[in-house]
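First the structure, in the form of structure tokens, and then the observations on it.
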There are 2 protein chains.
Amino acid sequence: MKDVARLAGVSLGTVSHALNKPEKVSERSLAKVRAAVEQLGFVPNSAARSLAAGASRTVGLVLTDIDNSLFVDIARGAEDQARRAAHALLLANSDIDFNRQESYLDIFDEARVAGILFAPMNASLEGVDRVRRHGRRVVLVNLAQGRKDCCAVISDEELGGYMAARHLIELGRRRLLFAGGPEEFYAIKERRNGALRAVLEAGDVTLEIINCRRLKSDEGRKIAAEIANRSPERIPDGILSPSDRIAAGVIHELMARSFSVPDDIAVIGYDNNQFTTEAAISMSTVSQDGHRMGSEAMRLLLDEIENPDHQHRTLTLEPRLILRESTLGPRGKPLPDTDGRAPAPA
Amino acid sequence: MKDVARLAGVSLGTVSHALNKPEKVSERSLAKVRAAVEQLGFVPNSAARSLAAGASRTVGLVLTDIDNSLFVDIARGAEDQARRAAHALLLANSDIDFNRQESYLDIFDEARVAGILFAPMNASLEGVDRVRRHGRRVVLVNLAQGRKDCCAVISDEELGGYMAARHLIELGRRRLLFAGGPEEFYAIKERRNGALRAVLEAGDVTLEIINCRRLKSDEGRKIAAEIANRSPERIPDGILSPSDRIAAGVIHELMARSFSVPDDIAVIGYDNNQFTTEAAISMSTVSQDGHRMGSEAMRLLLDEIENPDHQHRTLTLEPRLILRESTLGPRGKPLPDTDGRAPAPA
DNA sequence: GGACGAAGCTGAAGCGCTTCAAAATCTTCC
DNA sequence: GGAAGATTTTGAAGCGCTTCAGCTTCGTCC
């Protein structure tokens, strides 16, 4: 930067101003500085910058599970919002590993980022407390555990479960099955509670609950296989799962065993993951709009950064039903792509 | 840090040493410093640290497409390797947007990261030249464009195409179809060339090529639909695609139209994406082992950082056939629970 | 007992930037 | 023409750390 100043024939302070608040610098100096920067290929050192300024323009996002496209959507939403505010977003993937999650929080803490978006798994939030004690700003995404002392963006999991079950009931299904994951996960328990509420409300509907240990499609296949062997009156006519992955396993196994989805059994998943549209039939699901979660979370964080009388708040987003073939049948098929042309042999 | 020094009753320099090279400090001082750090909740400022030291322990990874699980695997591999060397890995997702890709390179450049892993798709490498001119170290992943002036880890795309076609031919298939994406993508062109080589080598096999504009499952469905309407002798008995996504569309549409996969038509994809195991039948594919690519790339980068007489080299990994139901039939069904990743709920 | 080297410790210089008070320059208006 | 005010520019102080030369302390050996 010294070199830039020398080449431009101005002082160091002027270069700094030209770079950061161009409006406070005369046209002439600005032009000279810009030319010098160009000529020298000068790149500001962000370490020095944030050291001197005491603030960085980078926001960190710690994600639990980059395999779940919900988190990817959250990242995208956050990124879009960050870019508008001229902040950069850096991602750290903890891969469902608690220690890594904590260590990334520390890395962002040490980097003195402007703030942290934290999309944790079902874990303790001790890391959050630690970095917040250092004055780091943190917004929770997807899991709030009822905290009121920082901002959060969550999705109404109970309502999502309710909506899914309600949808099946409205389709006339009466023997529902909830193919759930381990109940230690807060979100899963809530979704099940919501489903239960819809069922109780309806009166003449039953809800069977099968818990599986992991959220993998294998587990869905196992459940479907077991169902297929039942006597007809014990076969459910509607299945809901708190995980698209399990739902995909269920659907594919049912189809392999000559059940018709949704005619014999309607199936609905949860999360609107990428592969809901890549499955044999497009899957109905409950969408949490990760993009919106990410962008709202970033908005809250930016407010906390910029607004001195910021108030912490928790934003609860309503999930949305996405209805496709696995409950509606062919009429639920997404509209064909209109921009594609007919393939031609080469 | 000054406070830590005061509380511990030692000098600033000693605190720094205690933190960075504990072996050069006496037990007594070390203990005192540790206690003080603990008591004060001191967190080193990495901006100041990298400013003073002139080097950071962070590596940046710029990814093109976080939706493609290959890149996610690359990130994982890189992370594992980085952690072993006590470096942190920060991700930036450019979402196939050239400007964003460039701007993330600049951000890492400004942050004076120890090095950058760059996994571009098909873009020009001008940003790479720019940051390398500033002395930033860059390792290319997944695309090298024949550059010899920096390290790279790539996969032999031509060989992958060859292997896929060869596999179909060995299964006895004679009328092959290559359902490809836009040929502007280097990787896709190479894969097609490989397939062509296998076909020419075999002699009595034909290869039809259908190009689609985008790498989406819709396109695969369209191709399958068109095929289904053909007269029997024009229907291929083996389909290979440079994208799992397209292959998934093909498989599902064929099944919907009562073709048997693989009996009537065997299908093989490319990339071993996540959903190859979530499809109606598990898909055969060509795997590039993203994890290995990421970890080898990080290894090369670390060597470049630490080893003064580092030699640039390009590592070409051989792809690997993953054979599953879509070409082998039920005997290709994967063993349950073999991939061991435990996803979390959203 | 004294010389010597190793081990540990200290404090100051400096990394590249921002910012602020003060100085320099330009405008305006009577 | 000149004073008051507005706009620019300047240079130095300092952000929190690492590092290095030099200092102190201690153990060893003849």
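Computed from a prediction, not measured in an experiment: that's the story for all the values here. Quick note on labels: first sequence line is chain A, next is B, and so on, each numbered from 1.
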Counting only N and O atoms by type, is there a donor-acceptor contact under 3.5 Å from the side chain of [X] to the main-chain atoms of [Y]?
X: A:Asn20; Y: A:Ser16; value: yes
X: A:Thr64; Y: A:Ala119; value: yes
X: B:Ser46; Y: A:Glu110; value: yes

In whole angstrom, give the distance that lies between atom [atom1] of [X] and atom [atom2] of [N].
X: B:His134; N: C:dG16; atom1: NE2; atom2: C1'; value: 16 Å
X: B:His17; N: D:dC23; atom1: NE2; atom2: C1'; value: 14 Å
X: B:Glu23; N: C:dA6; atom1: CD; atom2: C1'; value: 16 Å
X: A:Arg112; N: D:dG16; atom1: CZ; atom2: P; value: 8 Å
X: A:Lys21; N: C:dC20; atom1: NZ; atom2: P; value: 8 Å
X: A:Leu12; N: C:dC15; atom1: CG; atom2: P; value: 12 Å
X: B:Lys24; N: C:dC9; atom1: NZ; atom2: P; value: 12 Å
X: A:Glu27; N: C:dC26; atom1: CD; atom2: P; value: 16 Å

Counting any heavy atom closer than 4.0 Å, what does [X] reach on the DNA or RNA strands: base, sugar-phosphate only, or nothing?
X: B:Ser26; result: sugar-phosphate
X: B:Ser29; result: sugar-phosphate
X: B:Gly13; result: base
X: A:Val10; result: sugar-phosphate

Closest listed nucleotide, where the reference is the side chain of [X] and the choices are [options]:
X: A:Val25; options: C:dG16, D:dC17, D:dT9; result: D:dT9
X: A:Leu51; options: D:dG16, C:dC9, D:dT18; result: D:dG16
X: A:Ala53; options: D:dT19, C:dT19, D:dT10; result: C:dT19
X: B:Met1; options: D:dT18, C:dC17, D:dG16; result: D:dT18
X: A:Ser11; options: C:dC17, D:dG11, C:dG14; result: D:dG11

- Message: Can you confirm whether A:Glu306 is buried at CD, in the sense that more than 12 heavy atoms of other residues, nucleotides or ligands lie under 6.0 Å from that atom?
- Response: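 More than 12 within 6.0 Å, yes.
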Output yes when at least one side-chain N/O atom of [X] is less than 4.0 Å from OP1 or OP2 of [N], else no.
X: A:Thr14; N: D:dT10; answer: yes
X: B:Asn20; N: D:dT18; answer: yes
X: A:Ser46; N: C:dC17; answer: no

- Query: With nearest nucleotides of DNA chain C determined for B:Arg28 and B:Ala48 from heavy-atom distances, which residue corresponds to the more 5′ nucleotide?
  - Reply: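 Of the two residues, B:Arg28 wins.
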- Message: Assuming nearest nucleotide by heavy-atom distance, tell me which of B:Ala52 and B:Gly9 is located more 5' along DNA chain C.
- Response: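 The residue whose closest nucleotide sits nearer the 5' end is B:Gly9.
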- Query: Where do A:Thr314 and A:Arg147 come nearest, in terms of heavy atoms and distance?
  - Reply: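 That would be OG1-O, 3.8 Å.
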- Message: Among A:Arg83, A:Arg76, A:Gln81, which residue satisfies the side chain to side chain donor-acceptor pair (under 3.5 Å) criterion with A:Glu79?
- Response: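 Exactly one pass, corresponding to A:Arg83.
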